[in-house]
Amino acid sequence: MPSDPLVAQHVLEFPGGYTRTTGPVIGRFLSELRARRIVGVRTAEGRVLVPPLEYDPATGEPVTGEYVEVGPAGTITTWAWVDEPLDTHPLDRPFAWALIRLDGADSDLLHAVAAENPKALAAGARVWPVWRDRPTGHITDISHFAPEVTKIVSEVRAEYRLQAGGALRVFLEGVERGVFLGSRCEQCEKVYVPLRLACPECGNTLPETLELPDTGTITTFAINNLPDPRAPEVPFVSAYILLDGADIPMIALIGDVPAHEVRQGMRVKAVWVPESERTASMANIRWFAPTGEPDVELT
Ligand SMILES: [Zn+2]
């Protein structure tokens, strides 16, 4: 009969904690951490070791004693994802163990990197330390590293109110009354709508204001397939309309006609919102609708 194996139980215990001296090199590293700095030590060959060591592992020679501040940011050289952290792990959520080459260092520091998921990590990814609130001079003074902030999500809401100055104000006041105001250049005889204060052709001031009819001809148009709250339906048509008597077309929506029936040279007329709803804005014109008149030959 086989005999029971011999068993002896040993307990190794250091009540009150085991205090170990760090030596001058690691001591300096931890003291710097307490001040939220990360330092390396320069080797005889000029490389910077982080964390610092007393001897250069490559040559076995003592290091120089010259401390160099590195990082605090660095680049991941390699990493391993931890799906289920253990009690002893620095983070209580999934994270990565990574070798991090801090800026200015020639060796890698092993530390935890917090990330949403492994897809957020890659060799070459930039990471920054996240410091503990109360550093004590321990490697865990750096709680972990986190990916560099490459984007921010912020609420954007801008409200614009255009203060119509001079010519535009006069034009919109006309629109409120249901008329389009234009201006005629005395020199080149061009008629501009909306009304302007100076002729873009010859630079003349345009003192002469005239009322234009709300009928015109489509010169060019575009069929839009993306919804627009102002449009009657999708697809809808936006067009350049040359008001009768004007030399410059204005842009507007076309309605009351299927998009595929809109054509160049088509005669249209403004469809105004009821007078009681009008304000000094282009919203007074719902859109332009075909008049049924014969098409115009465009020159
Ligand atoms: Zn002119």
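Both ligands and their constituent atoms are indexed starting at 1 by order of listing. As the structure is a prediction and not an experimental result, all values here were calculated from the model.
- Using a 4.5 Å cut-off on side-chain heavy atoms (C-beta onward), L243 and F288 make contact.
- Ring planes of W272 and F180: tilted class, angle from 30 to 60°.
- When side chains are defined from C-beta on, P51 counts as touching L109, because their heavy atoms get closer than 4.5 Å.
- A donor-acceptor pair shorter than 3.5 Å cannot be found between the side chains of H138 and T136.
- The number of protein N/O/S atoms found under 2.8 Å from the Zn ion (ligand 1) is 4.
- Proximity of T59 to T43: side-chain heavy atoms (C-beta onward) are nowhere separated by under 4.5 Å.
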Discussion item. One pair to check against side chain to side chain contact (heavy atoms under 4.5 Å, CB included): V50 and I100. What are the steps and the verdict?
Written reply: CA-CA 10 Å; V50 181; I100 299 161; over 6 Å; no
